[in-house]
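All chains are named by letter (A, B, ...) in the order of the sequence lines, taking the proteins before the strands, and each is independently numbered beginning at 1. Both backbone and side-chain heavy atoms feed into the values below; hydrogens, waters and symmetry mates do not.
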Amino acid sequence: MLELKHLNLIYENFSFDYDAKIEKGSLLAIIGPSGGGKSTLLDLIAGFATPNAGSIWFNGQELTHQPPAQRPVSMIFQENNLFAHLDIATNIALGISPDLKLSKQDHIAISRALERVDLAGFENRLPQELSGGQRQRAALARTLVRDKPLLLLDEPFAALGPALRQQMLGLIKELHDEQNLTTLLVSHQPEDAKSTATHTAFLKDGKLSILKPTAEFFAIKDNPDLKDYL
Amino acid sequence: MLQRVETHYKVTGFAALFFMAGFTLIAFLALSLTDQSHFDLSKIMADAYLGNIIVFTLKQAALSTLLSISLAVLVALALARRTHFIGRSFILKLFALPLALPPLVGVLAVLGLWGNAGWIKHLITSLGFDKPSYSVFGLSGILITHVFFNLPLAARLILEQIENTPSENWRLAAQLGLPHISVFKLIEWPAIKTVLPGITALVFMLCLTSFTIVLTLGGGPASTTLEVAIYQSLRFDFDPARAVTLALIQLGLIAIFLGLSFKFTKALPQTISLKKTSNRPLTHGKIYHAFDAIILTIASLFIILPLASIITDGLTSNLPRLLSTPKVWSSILTSLMLAVLSACLAVFMCWSMIKSIKTSTGRYAQVVNFIANSILVMPAIVLGAGWFVLLQRLGLVFSFTPFLVIIINAFMALPFIFRILSPAIAQANNQTQKLVTSLGITGWTRFQRIDLPALKRPLTLSFAFAMALSIGDLGVIALFGSQDFSTLPFLLFQSLGSYRTNDAQGLAFILAMLSLGILYLGELYAHHLPPTKKPIANGVDNNA
């Protein structure tokens, strides 16, 4: 269970408030207009932003003041998930050992992770030699070797075409199930939520106003904000 | 019709280019056609004094660069780590100040802190110790002043590059828990590495051709550079042939250095635009905190104390007496007039050259770009020396002096304002070119209604910058100045040379205020102008 207890952040005179319980194992899609606080929520959970009040809990453990590296979290951004001047294997290796001290098993683990995301043999390529979709899959491979129970995805396919994003969504769903993850997916495509998510949340003006199982969410008819957005 | 506009711009652009090339070429010819009867390569090679000058020129430039760059890297790293530190924006502003000051003011500032009557020696004697015997004149003073000017410049450029790192990389590093050494190896150093050769080359070039600082702080034959030696051979020894030899050696050194640097460096970013805050999460521990605090304190004191001494020494000097001296006022007026004319010329030349590039392509554009950027290579003192030799032969030195000062100062401002204007014009062109062409707006209407409003801001800034550069310059005027024709920097230089330190401090204060005032007014006016309109986005941007 991921719990946000009266979480509040004030940034440039704008107040963000989150209060929610997200069940363990759910794949939650977060939709809403831009500037509504979707990415800010992920930043708070990952520890890139510090809340002014409230607390964050995951499986009974408080995360609120833990440094980013000690949280049970992996995050994938829209772009720049890889260090541009390091090859793919090294980029992934950083997820195992930040000072790059690697055993033989580690190298095997890296190759397995690459195989899992259909990038077998890409170890020595540089990020710039890969397509946008391939780079995102390499980033997913790193989350595999890090093996953290909480996966945060901040519009990871915004730069990809429709066919590719369907493919990626499928892959994420598979990894989510295989690894027993709790996944938060920020998106501006309601279809992503419909096709993949177990739960869907709506965020507007810094408030998390709706969080329901996906089928119930899309059955809501009487919320004007949501209607406007959809 | 479009053809006609383009021709207009081409003609003025070509005229500007032709003027520049011609002016430079004549200086060159005048130098190389001087009586060379005692020009003897073997004699030059055997000239030990000349050898010393060359060695010292290179030595001071290399040491200045090494000190400035290595300290700048430390400072930039500390500033990059301390993203939420309260004094950060103050330090960034402080570091922009030396760039806005005339070299002579920098010299006085350094003397005010480090000099014989400066704060440091004063502090040490007032604590009951013996007065330290070090002298700021010579290599040490030159190095301190060069670091004073170049450390902040280099630190800002390096910091900008570090902060260009995508914010995701910092977050990733925090999430993966990368140790400090890995952050340095994986993020900071690769960023620094891309700009380091370019910045090193820039600083080395500035120190290699530094004139005012070496002239005033060199303090003797042991620490003279080629630029200063050229000046001395013309002004004191009346030996044009020697000046020619020195100028050719200087140009040769610069050519070799440029050849090397073109090979190893990439272009530097066009403008410095530092964000006040950075979105890098704080992850460093206490030891780094202390280390950064020490580095930033030392660097800030190194810049701020000399600046403070300019103010206090200036205010305690006899300002009222200075300001009631007609000589001072006439020098200020001359300086202002020369600066205005020089800035007009510089902006006009730059504008027409850039406009002519934008309306043409290929080789011509490359040539203009090259010339505008490489005029810096031609030291003002060499240009001045050429014309000095020529005009002296014609007996016209003093009647032409003002024009030479105006023209050469304008040339010296060109590479800098080229960097301000060129991207601005390119952007304005991108936004309006198609529309203007399809509506058939041409000639004066286009200039007045379309181009000028869009470019008022960069034009104002360029003008202010060129003016400030000219008003503080002691290059050509050192060669040509006299009792009858004196600018404020020349007057300051004279009072420094005759040990009227108190006057010099007062004049430096006035000069600093003038130069900063011009830049401040320029910025103020530019910010009051309505900003260049951004194109209206189509629909709502829902991508963020």
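Closest of all the heavy-atom pairs between A:P68 and B:A174 is CB-O, 3.7 Å. Closest approach of A:P98 and B:P179 over heavy atoms only: CB-CD, 3.6 Å.
No donor-acceptor distance shorter than 3.5 angstrom exists from the side chain of B:Q175 to the backbone of A:A46, with no hydrogens or angles considered. Side-chain atoms of A:H85 never come within 3.5 Å of backbone atoms of B:I187 as a donor-acceptor pair (strictly under, hydrogens ignored).
No side-chain heavy atom of A:M75 sits less than 4.5 Å from a side-chain heavy atom of B:L172. In this structure the side chain of B:N169 never reaches within 4.5 angstrom of the side chain of A:F77, judged on heavy atoms.
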Point to revise | B:L178 vs A:F83, side chain to side chain contact (heavy atoms under 4.5 Å, CB included): CA-CA, chis, key distance, verdict | key: CA-CA 13 Å; B:L178 297 189; A:F83 294 105; 4.2 Å; yes

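Under a cut-off of 6.0 angstrom, the local environment of CD1 in A:I108 is crowded, with over 12 non-hydrogen atoms contributed by other residues, nucleotides or ligands. Heavy atoms of other residues, nucleotides or ligands lying less than 6.0 angstrom from OH of A:Y11 number 12 at most. Counting non-hydrogen atoms of other residues, nucleotides and ligands closer than 6.0 Å to CZ of B:F184 gives a total above 12.
Atom CG of B:L186 and atom CG of A:L100 lie 6.5 Å apart (nearest 0.5 Å).
Of the atoms belonging to A:E79, heavy atoms from both backbone and side chain fall under 4.5 Å from chain B. Heavy-atom distances place both the backbone and the side chain of A:L94 under 4.5 Å from chain B. Interface remark: A:D154 contributes no atoms to any contact with chain B (heavy atom separation under 4.5 Å). Contacts of A:R142 with chain B are made by side-chain atoms alone, with heavy-atom separations under 4.5 Å and no backbone atom involved.
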